[in-house]
Amino acid sequence: MITREEIANVLDQPVYDGDGNKIGDAKHVFFDDMTGRPEWVSVKTGMLGSSESFVPVRDAALVQDHLEVPYGKDQVKGAPTVDVDAGGHLSESEEHRLYDYYGINFDSVLSEAERTDDGRWAAGPGTAGAAGTVGAVGLAGTGRAGTDGGTTGREDAWDRADMTDERAMTRSEEQMHIGVERRESGRARLRKYVVTEEVQQTVPVTHEEVRVVREPITDANRGEALAGPEISEAEHEVTLHAERPVVETETVPVERVRMTMEEHTENETVRGQVRKERIEAETELIEEDDMRRDRE
């Protein structure tokens, strides 16, 4: 169980389950009005902390920079939704419902609440300030461990100032906490399609042509020249050849194309409004005539 002194180290810190899974961030600590012991912690869960779940802190432990609870992440997120009144309190019925959800015997909780931290017996169950009514603890200060059923930490700070030093008061201010959410911004895809291009290439081709060659009769070819008849008709035929281009296509791989994703970080300015308290001293001077009359 965490102590009142550890509350400042719990607020706005991560909350993990026993398996090391982050459940969310601790936003408020609620303590019992009678005993003054921390009883519940509200955990912001979901996208940007859109949901808030209550979890008991009686078996929780502060481990370094986070709070560890003996309940699973899904169990905490599925806890019953309860309403906190304007005074920062849970009703007894709502607290009873939460104890039943976490398997904690409510009668044993009441028995523990009857005894204060120093061993003395306090008022029994059913009186104002029983275990069913708890006070909220925020950043402004600790909660009241009294039995008036609705005093929050801010009012308690004023009460302590009234009892100890009337010349002091507490100044508080709001703080802006900014988170980021990941959402879909677009889509990219690879698409393959076919186009037809005109390709031009020059290739050499050959063809045969007939050329008539006339040779004079010599001693070397005279025998062949006189081998035929003296006067006759004759015909000789030869086949001519020519080359022509033949086009064929072949599919071959030329490259691989793939997509990769890169993250680029940019600075974006976020503006908001926070409220701050200011404390000024005012002085009233007594006129000299009034002082003279008082002396007379």
Side-chain angles (χ1 to χ4, degrees), residues 1-7 9-11 13-46 49 51-63 66-85 87-138 142-147 149-150 152-153:
M1 176 184 293
I2 63 174
T3 63
R4 293 172 64 97
E5 292 74 16
E6 294 175 324
I7 291 176
N9 299 326
V10 171
L11 297 175
Q13 297 301 318
V15 179
Y16 287 80
D17 63 10
D19 296 328
N21 302 313
K22 182 179 178 181
I23 304 173
D25 295 327
K27 289 302 177 183
H28 299 89
V29 174
F30 292 74
F31 60 91
D32 191 287
D33 279 341
M34 180 183 299
T35 65
R37 293 193 299 251
E39 197 73 22
W40 300 93
V41 61
S42 64
V43 183
K44 284 287 187 179
T45 61
S51 301
E52 189 169 1
S53 302
F54 281 75
V55 59
V57 295
R58 55 177 45 224
D59 296 322
L62 188 61
V63 181
H66 68 271
L67 184 67
E68 187 174 299
V69 296
Y71 304 101
K73 179 178 180 180
D74 294 336
Q75 183 180 8
V76 174
K77 285 188 174 183
T81 302
V82 297
D83 293 328
V84 179
D85 61 25
H89 283 68
L90 294 172
S91 67
E92 184 173 348
S93 60
E94 288 175 334
E95 192 178 22
H96 196 168
R97 186 155 58 100
L98 285 171
Y99 277 126
D100 288 343
Y101 175 78
Y102 285 103
I104 300 175
N105 189 302
F106 189 64
D107 293 335
S108 65
V109 175
L110 292 179
S111 299
E112 293 177 5
E114 290 176 348
R115 181 183 295 272
T116 60
D117 290 338
D118 59 1
R120 294 173 299 172
W121 288 94
T127 62
T133 306
V134 293
V137 178
T142 58
R144 179 198 296 269
T147 57
T152 61

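All of these numbers come straight from a predicted model, not from anything done at the bench.
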Rounded to the nearest 0.5 Å, how far does NZ of Lys77 lie from CD of Glu52? 14.0 Å
Are Tyr102 and Gln75 side-chain neighbours, meaning at least one heavy-atom pair lies under 4.5 Å? yes
Mind telling me whether Phe30 and Phe54 have parallel, tilted or perpendicular rings, with 30° and 60° as the class edges? tilted
Report, as yes or no, whether the 6.0 Å neighbourhood of atom CG on Asn105 holds more than 12 heavy atoms from other residues, nucleotides or ligands. yes
Could I get the full list of side chain to side chain donor-acceptor pair (under 3.5 Å) partners for Asn21, not counting sequence neighbours? Asp17
Within this structure, what is the NZ-OG1 distance for the pair Lys73 and Thr45, rounded to the nearest 0.5 Å? 9.0 Å
Side chains of Leu67 and Val41 in contact at under 4.5 Å (non-hydrogen atoms): yes
List in chain and number order the residues that pass side chain to side chain contact (heavy atoms under 4.5 Å, CB included) with His66, two or more places apart in sequence or in another chain; answer none if no residue qualifies. Pro14, Tyr16, Val63, Glu68
When rounded to the nearest 0.5 Å, the distance separating CD of Glu95 from CG of Asp100 is 11.0 Å
To the closest 0.5 Å, what do you measure between OH (Tyr101) and OG (Ser53)? 8.0 Å
Do the side chains of Ile23 and Val69 get nearer than 4.5 Å, heavy atoms only? yes
Roughly how far, to the nearest 0.5 Å, is the CD1 atom of Ile104 from the CZ atom of Arg58? 5.5 Å
Listed partners of Asp25 passing salt bridge (charged side-chain N to carboxylate O under 4.0 Å, His left out), at least two apart: Lys22
